[in-house]
Asks: 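One structure coming up, written as structure tokens, with questions to follow.
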Amino acid sequence: MPRTGFLTAVAALATVVMCSCLSRHTELMTEVNPAGWHPGKPAVITYDNDDTLSRRTIDLLVRYRGNKFGPLDLDITTLTPDTLTLTERVTIAGIAQDAGAYQECEARYRTGVVLLQKGNYSFKIAPASVRLKGVTAVGVRISRQDDGQR
């Protein structure tokens with residue numbers, strides 16, 4: 001019996017490792033000051049790219065607690081491994097939730113993106129103009145697209 005349990009555990013571990021390698025997306029989050037996230041204090045997220053062929057979808061993620069927001073304007077600056085930069089403003093539709101509950105919302109940032117360089121891509125995300133209260137973390141989800149999807 002002990003041998004059977006050992007083999008089952010090895011098979012389960014192999015399955016977990018194999019599935020994690022086949023993951024189609026990566027989520028990267030970083031915390032911000034929930035008491036007040038300022039426009040001049042961007043959250044920096046770094047993605048280490050080693051796939052220069054796949055098309056990707058990039059979503060913006062915002063985790064917040066109990067605040068009601070109107071449209072949320074964020075500035076996103078992308079820095080490529082060869083130091084090219086692009087800054088854009090993204091608006092997330094109003095979000096509302098009961099006080100005390102942590103929630104996450106997302107907005108499509110880009111679709112059909114091919115990251116042409118190997119290396120670190122940095123995403124700097126900051127409020128566009130006003131200090132935000134209640135936002136606890138921001139991030140990106142980078143997903144590989146299959147041909148014919150999205």
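Just so you know, these numbers use all the heavy atoms, side chains as well, and skip hydrogens, waters and symmetry mates.
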Asks: Distance check, rounded to the nearest 0.5 Å: Tyr121 atom OH versus Thr78 atom OG1?
Replies: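 It is 10.0 Å, given to the nearest 0.5 Å.
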Asks: Tell me every residue that passes salt bridge (Lys or Arg N to Asp or Glu O under 4.0 Å) with Glu31, counting only those two or more places apart in sequence or in another chain.
Replies: none
Asks: About how many Å separate OG of Ser143 and CD of Glu27, when rounded to the nearest 0.5 Å?
Replies: 8.0 Å
Asks: Who else is in Met29's hydrophobic cluster (ILVMFWY, side-chain heavy atoms under 4.5 Å, direct or via others)?
Replies: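 When side chains under 4.5 Å apart are linked, the cluster holding Met29 also contains Leu61.
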Asks: So among Thr85, Thr87, Thr77, which one has a side-chain contact (heavy atoms from CB on, under 4.5 Å) with Lys124?
Replies: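 Option passing the side-chain contact (heavy atoms from CB on, under 4.5 Å) with Lys124: Thr77.
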Asks: side-chain contact (heavy atoms from CB on, under 4.5 Å) for Thr83 and Thr80? Distances and angles first, verdict last.
Replies: CA-CA 5 Å; Thr83 69; Thr80 66; 5.8 Å; no
Asks: Among Ile, Leu, Val, Met, Phe, Trp and Tyr joined by side-chain contacts under 4.5 Å, find the other residues sharing a cluster with Leu79 and list them by chain and number.
Replies: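 Leu79 clusters with nothing; isolated.
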Asks: Group every Ile, Leu, Val, Met, Phe, Trp and Tyr by side-chain heavy-atom contacts under 4.5 Å, then state whether Val44 and Ile76 land in the same group.
Replies: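 The answer is no; the residues belong to distinct hydrophobic clusters.
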Asks: Distance from Leu132 atom CG to Leu72 atom CG, nearest 0.5 Å?
Replies: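 Between atom CG of Leu132 and atom CG of Leu72 there are 5.5 Å.
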Asks: Report the distance from atom CZ of Arg141 to atom NE2 of His25, rounding to the nearest 0.5 Å.
Replies: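 NE2 of His25 is found 6.0 Å from CZ of Arg141.
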Asks: With the side chain counted from C-beta on, respond yes when Tyr109 and Asp59 share a heavy-atom pair under 4.5 Å apart, and no when they do not.
Replies: no
Asks: Please check this pair: side chain of Asn120 against backbone of Asn49, looking for a donor-acceptor N/O pair closer than 3.5 Å.
Replies: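 Here the side-chain-to-backbone pair does not exist.
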Asks: Side chain to side chain donor-acceptor pair (under 3.5 Å) for Gln145 and Thr57? Distances and angles first, verdict last.
Replies: CA-CA 7 Å; Gln145 291 178 219; Thr57 297; 2.7 Å; yes
Asks: I'd like to check the salt bridge (Lys or Arg N to Asp or Glu O under 4.0 Å) partners of Asp75; sequence neighbours left out, ordered by chain and number.
Replies: Arg89
Asks: Could you check if a side-chain atom of Leu60 sits within less than 4.5 angstrom of a side-chain atom of Ile92, using non-hydrogen atoms only?
Replies: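 They are in contact (side-chain heavy atoms under 4.5 Å apart), so the answer is yes.
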Asks: My understanding is that a hydrophobic cluster links ILVMFWY residues whose side chain heavy atoms are under 4.5 Å apart, including indirect links. Using that, what else belongs to the cluster containing Leu116?
Replies: Val114
Asks: To check you understand the geometry: which heavy-atom pair defines the closest contact between Gly119 and Pro81, and what is its length?
Replies: C-CG, 3.8 Å
Asks: Val32 and Ala43: which non-hydrogen atoms are nearest, and at how many Å?
Replies: CG1-CB, 3.8 Å
Asks: To the nearest 0.5 Å, what is the distance between OG1 on Thr136 and CZ on Arg65?
Replies: 9.0 Å
Asks: Would you say the side chain of Leu74 lies within less than 4.5 Å of the side chain of Trp37, judging by non-hydrogen atoms?
Replies: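 Answer yes - side chains close enough.
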Asks: OG of Ser122 to CD1 of Ile45: how many Å apart, nearest 0.5 Å?
Replies: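 So the OG of Ser122 and the CD1 of Ile45 are separated by 9.5 Å.
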Asks: One thing to verify: whether Arg110 and Glu88 come together as a salt bridge, which I'm taking to mean a side-chain N less than 4.0 angstrom from a carboxylate O.
Replies: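 So Glu88 pairs with Arg110 through a salt bridge.
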Asks: Under the rule for salt bridge (Lys or Arg N to Asp or Glu O under 4.0 Å), what residues qualify as partners of Arg56, not counting sequence neighbours?
Replies: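 Applying salt bridge (Lys or Arg N to Asp or Glu O under 4.0 Å) to Arg56 gives Asp51.
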Asks: Run the salt-bridge test on Lys118 and Asp50 with the 4.0 Å N-O cut-off and return the result as yes or no.
Replies: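 Salt bridge between Lys118 and Asp50, a charged N being under 4.0 Å from a carboxylate O: no.
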Asks: Considering non-hydrogen atoms only, spot the tightest contact between Gly40 and Pro42 and give its length.
Replies: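 Nearest pair, atom of Gly40 first, then Pro42: O-CD, 3.2 Å.
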Asks: Begin with the C-alpha distance, continue with both residues' side-chain angles, and end with the deciding distance and a verdict on side-chain contact (heavy atoms from CB on, under 4.5 Å) for Phe123 and Thr30.
Replies: CA-CA 11 Å; Phe123 299 92; Thr30 189; over 6 Å; no
